[in-house]
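Below, all heavy atoms of this structure are taken into account, side chains as well, without hydrogens, waters or symmetry copies.
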Number of protein chains: 2
Amino acid sequence: MVGTASAGTTPGRTSSRRQRRHEATAEEIRQVARELMARDGTSSLNLRAVAREMGMTPSALYRYYASRDAILTALIIEAYDQVGETVEQAIAAAPLDASSTRILAGVHAFRRWAVEHPHEFGLIYGTPVPGYEAPRTESLSAAMRTGAAMFGELVRAVDSGLLVPPDDDTVPAELHPSLRELLLDPRAELPISAVALAVQFWMVLLGALSSEVFGHKPEPLAGGETGRLFFDYTIRQTLIAMGMARNAVEAGVSPPA
Amino acid sequence: MVGTASAGTTPGRTSSRRQRRHEATAEEIRQVARELMARDGTSSLNLRAVAREMGMTPSALYRYYASRDAILTALIIEAYDQVGETVEQAIAAAPLDASSTRILAGVHAFRRWAVEHPHEFGLIYGTPVPGYEAPRTESLSAAMRTGAAMFGELVRAVDSGLLVPPDDDTVPAELHPSLRELLLDPRAELPISAVALAVQFWMVLLGALSSEVFGHKPEPLAGGETGRLFFDYTIRQTLIAMGMARNAVEAGVSPPA
DNA sequence: GATCAATCGAGAACAACGTTCACTTTGATG
DNA sequence: CATCAAAGTGAACGTTGTTCTCGATTGATC
């Protein structure tokens, strides 16, 4: 559809001049689409408006994307990648000490991205928009990125003894198969209960962020600085509840606003 | 707009024959709209399709609703009310013993409604659809209903000593004003920390449900019975983390599937 | 450098959508 | 019966996403 490998002179060189120009225009389309979505508030992409903004004809866009949904899908994948990279970098930049600092760095980077890009957050973590638009195969790896980064930090906390999950028999036996299935990589040093904790942590995280971004949280707590503080407090409480030592949690420093 | 009191013969009688017929048609519109949304999967209401299904002209619908958004708003308010009543009844029907049974009854009723009405759940707890469609004044009381019911049970648990919240000074001082503001009704026997717990519990609940309904949760745990079990487990863990006695939580019985 | 095919873009057209407006029909009320 | 507001029709308007045809532009090839 969108330029597979061409029969160029040098077969290894996949980016001919044409292809680069093509990709540049495609990126401009995505960029303008993002801007319009942010400006008009609505999260429904207007194809003709994008063309108008670019000084093009609506039909010309079809040289770059097969449909409106295809553009949306591209935006979704890009958003997944963007937030994933943001969180990864925030974690990597934090010190590797025996505290919750790294985890806090990750979740705060996630929250910051979410409140700064509410429409893109809604695109990927909100109501699935059309029927089902996400071609799982393409977007799955991108979608997992943020979760994988956070999961990695939890594993590290468990490995280093910072977080001690409860006994496996505290989680209902019926759930064990499903939880074990989650660890595709069966290097599973991780106890089942820790996997359950990871999923629960993810749910709390998503719940906190979507409550705030979508306005389903009581107003007084949704604001900028207050929202950030309450988020921080909630995450720390959750970590303690998960079995991380209280002093390790409190020793963790949150990134500045 | 939609039939205020008419100058009928009996001024006290607000429902003349006409008005009843009017309301009946309006309800049919809502009903058909709900069915189409469920059938076509999409959560974007198609006005002309509704009219078609009813054997009417699209313009005729405007005798009943001022716009497409008005219908959506009506659906949203109705959904709020429906889930609110469902949860209220489930709680009321549960025994008043010294366990988590009532809370479990409430959250399971919530979950059941959510998975059985995914589109309506998305309508009220998903991405806000257009710019901002919800006229707060009208829908606020309906929107609060479910949360208020759950909140009431938490208060009861605190009052009866079943749930002992941590000291107030464990929650950051900067958050106290906002949290106190949440208790409009200043009969506030409730400690600030309990308010924080209530909000957090709400976030976990919403996070768990939207993860499952919107498919943002790892697949193995999203299924029907497994999903229900994991949800139950998560809620119980959360209650324990909040300070409810472990044996009281475990003594609670969940409603059957 | 001329040639040729692939690409790019324009422009008109189509169906479908939400909405408006002028009009008939209808059915209860004086 | 006469009246008059409500209910409903049908045509129209401005949008939207999408398709198709047809020139123009471009980049590689002889």
Side-chain angles (χ1 to χ4, degrees), chain A residues 1-11 13-29 32-33 36-37 40 42-74 129-131 133, chain B residues 1-11 13-29 32-33 36-37 40 42-74 129-131 133:
Chain A
M1 211 134 288
V2 175
T4 56
S6 78
T9 47
T10 50
R13 209 101 184 82
T14 55
S15 74
S16 72
R17 185 173 201 82
R18 268 240 177 92
Q19 285 177 332
R20 264 175 291 158
R21 191 138 191 89
H22 190 91
E23 174 48 34
T25 309
E27 180 163 314
E28 191 188 345
I29 291 175
V32 171
L36 286 190
M37 260 179 45
D40 300 346
T42 174
S43 76
S44 87
L45 169 59
N46 185 333
L47 211 57
R48 289 182 111 103
V50 171
R52 225 174 290 139
E53 193 82 3
M54 294 179 65
M56 286 175 79
T57 294
S59 54
L61 295 184
Y62 284 77
R63 299 285 163 193
Y64 301 91
Y65 286 101
S67 68
R68 204 197 70 136
D69 277 13
I71 302 186
L72 260 182
T73 302
V129 209
E133 87 290 330
Chain B
M1 210 142 289
V2 172
T4 56
S6 78
T9 47
T10 49
R13 210 95 186 88
T14 55
S15 74
S16 73
R17 185 175 201 81
R18 270 247 176 87
Q19 284 177 332
R20 265 176 292 158
R21 195 145 186 82
H22 189 91
E23 175 48 34
T25 309
E27 180 162 315
E28 192 188 344
I29 291 175
V32 172
L36 286 191
M37 260 179 45
D40 301 345
T42 173
S43 76
S44 87
L45 169 60
N46 184 332
L47 212 57
R48 288 181 112 103
V50 171
R52 224 174 292 138
E53 194 82 3
M54 293 179 65
M56 287 174 82
T57 294
S59 51
L61 295 184
Y62 284 77
R63 299 286 159 191
Y64 302 91
Y65 286 101
S67 68
R68 204 197 71 136
D69 276 13
I71 302 184
L72 259 181
T73 300
V129 209
E133 85 291 329

Listed partners of B:Arg21 passing side chain to side chain contact (heavy atoms under 4.5 Å, CB included), at least two apart: none
Sequence-distant partners of B:Ser67, side chain to side chain contact (heavy atoms under 4.5 Å, CB included), two or more places apart: B:Asp69, B:Ala70
Expected list for residues 45-57 of chain A: side-chain donor-acceptor pairs under 3.5 angstrom, two or more places apart:
unit_1	atom_1	unit_2	atom_2	d
A:Asn46	OD1	A:Arg48	N	3.1
A:Asn46	OD1	A:Ala49	N	3.1

B:Thr57 side-chain proximity, nearest of D:dG8, D:dA6, D:dT9: D:dT9
Whole-Å distance separating the [atom1] atom of [X] from the [atom2] atom of [N]:
X: A:Arg18; N: D:dG27; atom1: CZ; atom2: C1'; result: 5 Å
X: B:His22; N: C:dA28; atom1: NE2; atom2: P; result: 16 Å
X: B:Leu61; N: C:dC17; atom1: CG; atom2: P; result: 13 Å
X: B:Arg21; N: D:dA5; atom1: CZ; atom2: C1'; result: 16 Å
X: A:Arg20; N: C:dT7; atom1: CZ; atom2: P; result: 16 Å
X: B:Tyr65; N: D:dA7; atom1: OH; atom2: P; result: 13 Å
X: B:Tyr64; N: D:dA6; atom1: OH; atom2: P; result: 12 Å

So, taking the atom named [atom1] in [X] and the one named [atom2] in [Y], what distance separates them when rounded to the nearest 0.5 Å?
X: B:Thr25; Y: B:Arg20; atom1: OG1; atom2: CZ; answer: 13.0 Å
X: A:Asp40; Y: A:Met37; atom1: CG; atom2: CE; answer: 10.0 Å
X: B:Ile29; Y: B:Tyr65; atom1: CD1; atom2: OH; answer: 6.5 Å

Base versus backbone protein contacts along nucleotides 13-21 of chain D [heavy-atom cut-off under 4.0 Å; B, S, -]: ---BBBBB-
